[in-house]
Amino acid sequence: MVLWQEAAYTRTDENGSPVSFEQYKERERKIGVRWHFMSKSDAQLYSVTGVGFFLDSYDLFIVNLVTPIWTYLYWGGLQGKKPHYPPLLRGLVNASANMGNIIGQLSFGYLGDIFGRRFVYGNELIIGIVGIVLLISLPNSIPTPTLKAAWIFCWRFVLGIGIGGDYPISAAIVAERSHLKRRGQLLGWIFSNQGWGNLAGSIITLIILACFGHALYGEGKYGQLDGVWRIQIGIALVPALATLWPRLKMPEGRKFLESRELNRPGRPESVNSHLSRKSRKGHCEEIELIRSDGIGLQEEIDAARAEIEDQGRRARLDVFFIYFSEWRHLKILLGTMSCWFLLDVAFYGTNLNQSVILQEIGYSTGINEYDVLKRNAIGNLIITVAGYVPGYFVTIFLIERLGRRWIQIQGFVITGMMFGIIAGGYDHMGTVGKFVCLAIAQFFFNFGPNSTTFIIPAEVFPSRVRGFAHGVSAAAGKLGAILSALLFNYLSGPKIIGLANVLWIYFACNILGAIITYFVIPETKWRDADVADYEDWMEANVLGRREELGKRKGRWTWLKGKGT
């Protein structure tokens, strides 16, 4: 049975007694900055929420490994002629899951904020399972390769909707149940399932090819590749089905329920939490917070409640737009969106087409089709083990020490440098040099912006808008992925701009991402967005009524520290 334990700060404890943020920090002061391995409840949370990211990465890299098989089977590769898989159609099929991701991220993120995490959690996984089942059920009776590609596109699109819906909901659930000082690590653990999905894709492909090796290599029965790709994709059903039931039975989190109180007319349940006046310094700005110990505030709170009573339930539906109507909030959202967009242009452009890149740099070659497929899988496996997976775990180890902004900036810069080196020396570097630079770029993608662009939106926004804000940020990233998937094969052709110049575009995206991070993105280490959101609500709806209520002599003198 899954233990849905909650270690995050809430204004009241399980008994309904008020708890101040200072008391929470004091009670948990023994939890330091050190790297912390998962507790039993953390491990269960990891296993249930991480499946979506495993499926996302597994689908991403399996399609990268399956595409050469589709080329052989459906585009003339087994008829003794050079196969021709139209580049734009190939890009469209590769981008189909990312197109579905956008719909899933926006719709499930919004629904999760409006109706709750429990209402939507598990449903996105059902959609993904349906997509996988129908994808691998591609009828061989479909007459033309173009129509076969249309079938693959449609059901990968549905699969993408399910995977996309998992991004904002799983991120929000983990952020709202994790202890403040371990939140970044646990979010990193969850997102590291992308690395395991990548690694599993390469290993499973090698195992399946070995099982079919005699028929393919020894007897030349390449028609059996039809079974190879269906098994490659279909095996993702195992973890999806294993975690479906725990998701459907998840209880609603207290932190989310408490944050959503601020959407409705009336006061938050726990206004008596101890508060004090101080300044909170954020990146590029200083915000003065007015806090109170709750004594004597009931009249002010009731007055604020009466003032907004006529809003009815409207605030619950348009809370996202109200919250981001303030520039200080909108600026951060635009920053998370643009950084994720720029990252995914380079990240997905590289990973959706890693087989093409390996072939272009001279690695993925062989004496026959089987040998090419095997070397392609081995090349992907080496890059995954040497660069891709380790990057996630370095992030997990260092994120609570170095912070999110530093990791994101250095990751953008070093990854951009690797693409610049390959592009600048493309005609002079050997295959080994290009391969090493590609592996280093993959390492700093994940010890860098690929991890932090996911983590920061889960931490920087309060729970009542976190799902949709994270979904919007992720959807912006998928727009970059779609753009890159559609244009990579076209632009990298020798008659257009060539692969070297495409890599220069990736260089520019990474450098611009570092600049935006430095000037726009705040540090979220050990900060609770819900605490700041509650303080803003108190100041706007209660303490902001100073002028009207100041007629009572001495009523507000405590705000100046003078007492009554």
Q: Tell me, do Leu343 and Phe412 make a side-chain contact under 4.5 Å, heavy atoms counted?
A: yes
Q: If you take all heavy atoms of Pro239 and Phe54, which pair is closest and at what distance?
A: CG-CE2, 4.0 Å
Q: Could you list the residues that satisfy side-chain hydrogen bond (donor to acceptor under 3.5 Å, both in side chains) with Asp533, not counting sequence neighbours?
A: Arg464
Q: In Å and rounded to the nearest 0.5 Å, what is the CG to CG distance from Asp56 to Asp166?
A: 9.0 Å
Q: Looking at every non-hydrogen atom in both residues, tell me the closest pair between Gly197 and Ser57 and how far apart they are.
A: C-OG, 3.8 Å
Q: Do Thr524 and Arg527 meet the criterion of a side-chain donor-acceptor pair at a distance under 3.5 Å?
A: no
Q: Among Phe320, Phe324, Phe468, which residue meets the ring pair (Phe, Tyr, Trp, His ring centres under 6.0 Å) test with Phe461?
A: Phe324
Q: Quick one: does any side-chain atom of Gln105 pair with a main-chain N or O of Gly165 as donor and acceptor, under 3.5 Å?
A: no
Q: Would you mind checking if Glu252 and Arg260 are paired as a salt bridge, meaning a charged N to carboxylate O distance below 4.0 Å?
A: no
Q: Just checking, any donor-acceptor pair under 3.5 angstrom between side chains of Thr336 and Ser473?
A: yes
Q: Is Arg247 paired with Glu124 through a side-chain N to carboxylate O contact shorter than 4.0 Å?
A: yes
Q: So, for Leu333 and Ala469, which heavy atoms are closest and what is the spacing to 0.1 Å?
A: CD1-O, 3.8 Å
Q: Testing the basics here: between Pro168 and Gly164, what is the closest heavy-atom pair and its distance to 0.1 Å?
A: CD-O, 3.2 Å
Q: Using side chain to side chain donor-acceptor pair (under 3.5 Å), reason through Tyr121 and Thr49 one step at a time and then give a plain yes or no.
A: CA-CA 10 Å; Tyr121 208 42; Thr49 58; 5.0 Å; no
Q: So which heavy atom on Gly195 is nearest to which on Val389, and how close?
A: O-CG2, 3.4 Å
Q: Looking only at side chains, do Thr10 and Glu258 share a donor and an acceptor under 3.5 Å apart?
A: no
Q: With a 4.0 Å cut-off on N to O distance, would you call Asp42 and Arg177 a salt bridge?
A: no
Q: With side chains defined as the heavy atoms from C-beta onward, is the minimum distance between Phe21 and Leu180 less than 4.5 Å?
A: yes
Q: Looking at Thr453 and Pro449, would you say the former's side chain and the latter's main chain have a donor-acceptor pair under 3.5 Å?
A: yes
Q: Mind running side-chain contact (heavy atoms from CB on, under 4.5 Å) on Thr517 and Ile521 for me, showing each step along the way?
A: CA-CA 5 Å; Thr517 302; Ile521 302 298; 4.1 Å; yes
Q: Taking Arg118 for the side chain and Pro251 for the main chain, is one N or O donor matched with an acceptor at less than 3.5 Å?
A: no
Q: Just wondering, do Asn198 and Tyr58 contact through their side chains at under 4.5 Å, heavy atoms?
A: no
Q: If we count only N and O atoms by modelled type, under 3.5 Å, do the side chains of Tyr9 and Lys255 hold a donor and an acceptor together?
A: no
Q: Between Val51 and Leu244, is the side-chain contact (heavy atoms from CB on, under 4.5 Å) condition met? List the steps.
A: CA-CA 10 Å; Val51 167; Leu244 178 59; over 6 Å; no
Q: Could you walk me through whether Arg156 and Asp59 pass the salt bridge (charged side-chain N to carboxylate O under 4.0 Å, His left out) test, one step at a time?
A: CA-CA 9 Å; Arg156 288 197 74 239; Asp59 170 73; 2.7 Å; yes
Q: With ring centroids as reference points, do Trp340 and His470 lie under 6.0 angstrom apart?
A: yes
Q: Evaluate the ring planes of Tyr323 and His329, with Trp represented by its six-membered ring, and classify them as parallel (under 30°), tilted (30 to 60°) or perpendicular (over 60°).
A: parallel
Q: How are the rings of Phe115 and Phe119 set to each other: parallel, tilted or perpendicular (split at 30° and 60°)?
A: tilted
Q: Can you check side-chain contact (heavy atoms from CB on, under 4.5 Å) on Ser192 and Tyr46, steps first, answer last?
A: CA-CA 10 Å; Ser192 70; Tyr46 165 79; 4.2 Å; yes
Q: Any donor-acceptor pair under 3.5 Å linking the side-chain atoms of Tyr534 with those of Ser259?
A: no
Q: Can you classify the ring geometry of Phe444 versus Phe447 as parallel (below 30°), tilted (30 to 60°) or perpendicular (above 60°)?
A: tilted
Q: I'd like to know if the side chain of Glu459 and the backbone of Ala529 have a donor-acceptor N/O pair within less than 3.5 Å.
A: no
Q: Which residues pass the side-chain hydrogen bond (donor to acceptor under 3.5 Å, both in side chains) test with Thr415, not counting sequence neighbours?
A: none
Q: For residues Ser178 and Arg183, is any side-chain donor paired with an opposing acceptor at under 3.5 Å?
A: no
Q: Does either side chain, that of Tyr392 or that of Asn193, offer a donor lying less than 3.5 Å from an acceptor on the other one?
A: no
Q: Is there side-chain contact between Lys525 and Lys181, with at least one heavy-atom pair below 4.5 Å?
A: no
Q: Quick one: CD on Glu326 to CD1 on Ile332, what's the gap to the nearest 0.5 Å?
A: 11.0 Å
Q: Looking only at heavy atoms, what is the nearest atom pair of Leu159 and Gly128, with distance?
A: CD1-O, 3.4 Å
Q: Passes salt bridge (charged side-chain N to carboxylate O under 4.0 Å, His left out), Arg254 versus Glu176? Steps please.
A: CA-CA 8 Å; Arg254 287 191 296 120; Glu176 290 159 10; over 6 Å; no
Q: Hey, are the side chains of Pro522 and Val460 touching, using non-hydrogen atoms and a 4.5 Å cut-off?
A: yes
Q: Report yes if the side chains of Asn98 and Ile102 come closer than 4.5 Å at any heavy-atom pair, otherwise no.
A: no
Q: Return yes if a side-chain donor-acceptor contact under 3.5 Å exists between Gln194 and Asn446, otherwise no.
A: no
Q: Is the shortest heavy-atom distance from the side chain of Glu523 to the side chain of Trp406 under 4.5 Å?
A: no
Q: Do the side chains of Phe397 and Leu402 get nearer than 4.5 Å, heavy atoms only?
A: no
Q: What distance separates Leu241 CG from Ile132 CD1, expressed to the nearest 0.5 Å?
A: 8.5 Å
Q: Measure the spacing between OG of Ser96 and CG of Asn101 and express it to the nearest 0.5 Å.
A: 9.5 Å
Q: Using a 3.5 Å distance criterion without hydrogens, assess whether the side chain of Arg117 forms a donor-acceptor pair with backbone atoms of Gly112.
A: yes
Q: Once rounded to the nearest 0.5 Å, what's the spacing between atom CD1 of Ile505 and atom OG of Ser484?
A: 8.5 Å
Q: Could you state the interatomic distance from CD1 (Ile399) to CD1 (Ile455), rounded to the nearest 0.5 Å?
A: 3.5 Å
Q: Any chance you could lay out the side-chain contact (heavy atoms from CB on, under 4.5 Å) test for Leu55 and Leu125, step after step, and finish with the verdict?
A: CA-CA 10 Å; Leu55 293 177; Leu125 194 55; 3.9 Å; yes
Q: For Phe445 and Phe347, take the angle between the two ring planes, folded into 0 to 90°, and tell me which bin it lands in: parallel under 30, tilted 30 to 60, perpendicular over 60.
A: perpendicular
Q: Could you tell me if the ring centre of Trp196 sits under 6.0 Å from that of Phe393?
A: yes
Q: Take Phe454 and Phe53, measure what ring-ring contact (aromatic ring centres under 6.0 Å, His included) needs, and give me the verdict at the end.
A: CA-CA 11 Å; Phe454 168 80; Phe53 303 103; 5.0 Å; yes
